[in-house]
Amino acid sequence: AGAFTEDKKSYKKLLKAIVCFDQDKYKKAHRILNKLSKKCTRAKDYDAIYMFHALCYNGECKLTETIGAYQKVLQYNATNSRAWSNLGKCYITLGDEKAAFNAYSNAILYDSANPYAHVNMAVYYIDTKQPQSALEHALKAFELNANLPQAMSAAAVAYKMLDDDKNTEK
């Protein structure tokens, strides 16, 4: 939101890159985004460019490039909860639990209403065998978005870890 608001032509190109991303045409999306990056004048422009680069790299299973792009997003918008949350998932993939925890904490700090950040934190706590904390975040995610299956799954796993069969089943 807010990218290229004063440059309608560039905004349309950004939308074209997003369509390419949606169609799994990552190389084409990168080409459009690279050209478009020369038109960036504000932090929100860069934020959008690097966020979609990161999403494309993630779709291409290029972890190093994905992390680099999320770090670029955060250079321009340190409060981007989605970037923090997604970066945490990258760190989990690398096995860096401390960095993942810090990223998830920042995601929640900057947007406590981001249900995905709470789900990711719940999964972190499940993986680190802290079921009570996992349950708190899973239930918060469920409260924020009752149609989020990841929240329900995380809550069920946490309940199971707590030997609460009644709530696990529910």
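Note that the structure is predicted; figures quoted are calculated from it, not measured.
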- request: Name the orientation class of the two ring planes belonging to Y76 and Y50 (parallel below 30°, tilted from 30 to 60°, perpendicular beyond 60°).
  value: parallel
message: Please identify which of these residues, N114, N106, N86, meets the side chain to side chain donor-acceptor pair (under 3.5 Å) condition with S81.
response: N114
Step-by-step side-chain hydrogen bond (donor to acceptor under 3.5 Å, both in side chains) determination, S85 to N120: CA-CA 7 Å; S85 187; N120 289 339; 2.6 Å; yes
- prompt: V119 and F142: side chain to side chain contact (heavy atoms under 4.5 Å, CB included), yes or no, with the steps?
  reply: CA-CA 9 Å; V119 165; F142 185 76; over 6 Å; no
- request: Examine distances only and state if a side-chain atom of W84 and a backbone atom of Y110 form a donor-acceptor pair shorter than 3.5 Å.
  value: no
query: Honestly curious: do L74 and L55 fall in one hydrophobic cluster under the side-chain, below-4.5 Å linking rule?
result: yes
- prompt: In the single-linkage hydrophobic clustering (I, L, V, M, F, W, Y; side-chain heavy atoms under 4.5 Å), do M51 and L36 co-cluster?
  reply: yes
statement: The reported gap from CG in L63 to CG in N58 (rounded to nearest 0.5 angstrom) is 8.0 Å
Exceeds 12 heavy-atom contacts within 6.0 angstrom, atom CD of E169: no
message: Starting from L14, can I reach Y46 by hopping between I/L/V/M/F/W/Y residues whose side chains sit under 4.5 Å apart?
response: yes
- prompt: To the nearest 0.5 Å, what is the distance between CG (L15) and OG (S10)?
  reply: 11.0 Å
statement: Of all heavy-atom pairs linking P115 and A141, the shortest is O-CB, 3.4 Å
task: Examine Y26 and L33 and state if one hydrophobic cluster contains both, with Ile, Leu, Val, Met, Phe, Trp and Tyr joined whenever side-chain heavy atoms are less than 4.5 Å apart.
output: yes
- request: Could you grab the distance from atom CG of L135 to atom CE of M161, nearest 0.5 Å is fine?
  value: 10.5 Å
- request: Keeping the roles fixed (side chain from D45, backbone from A3), state whether a donor-acceptor pair exists under 3.5 Å.
  value: no
field: Non-hydrogen atoms of A158 and I126 that approach each other most closely
entry: N-CD1, 4.5 Å
Taking every non-hydrogen atom, the tightest pair across A29 and A17: CB-O, 3.6 Å
- request: Please confirm whether Y104 and H118 have ring centers closer than 6.0 angstrom.
  value: no
task: Indicate whether any N or O donor in one side chain lies under 3.5 Å from an N or O acceptor in the other, for H53 and E65.
output: no
query: Just by modelled atom types, is the G2 backbone N or O under 3.5 Å from a matching donor or acceptor in the R42 side chain?
result: yes
message: Measuring from atom NZ of K25 to atom CD1 of I32, what distance do you get when rounded to the nearest 0.5 angstrom?
response: 9.5 Å
- request: Would you please test T41 and K39 for side chain to side chain contact (heavy atoms under 4.5 Å, CB included) and show each step?
  value: CA-CA 6 Å; T41 59; K39 302 281 188 174; over 6 Å; no
message: If I take atom CG from residue N145 and atom CE from residue M152, how far apart are they, to the nearest 0.5 angstrom?
response: 8.0 Å
query: Is the number of heavy atoms from other residues, nucleotides or ligands under 6.0 Å of Y11 OH greater than 12?
result: no
message: Can you confirm whether K9 sits close enough to K12 that some side-chain heavy atom of one is under 4.5 Å from a side-chain heavy atom of the other?
response: no
query: What are the two closest heavy atoms between Y91 and A100, and how far apart are they?
result: CB-N, 3.7 Å
message: Tell me whether R82 is salt-bridged to D111, with the criterion being a basic N under 4.0 Å from an acidic carboxylate O.
response: no
query: Between D47 and K44, is there a salt bridge with N-O shorter than 4.0 Å?
result: no
field: Nearest-0.5 Å distance that lies between atom CD1 in I49 and atom NZ in K38
entry: 11.0 Å
query: Can you name the ring pair (Phe, Tyr, Trp, His ring centres under 6.0 Å) partners of F101, sequence neighbours left out?
result: Y124
message: side chain to side chain contact (heavy atoms under 4.5 Å, CB included) for M121 and S105? Distances and angles first, verdict last.
response: CA-CA 8 Å; M121 185 65 96; S105 295; 3.5 Å; yes
- request: Please check if V73 and F4 belong to a single hydrophobic cluster, counting links between Ile, Leu, Val, Met, Phe, Trp and Tyr side chain heavy atoms closer than 4.5 Å.
  value: yes
query: Judged by atom type as modelled, is there a donor-acceptor pair below 3.5 Å linking the side chain of S112 to the main-chain atoms of I108?
result: no
field: Close side-chain approach of Q132 and E136, heavy atoms under 4.5 Å
entry: yes
Shortest non-hydrogen separation from A138 to A155 and the atoms involved: CB-N, 3.5 Å
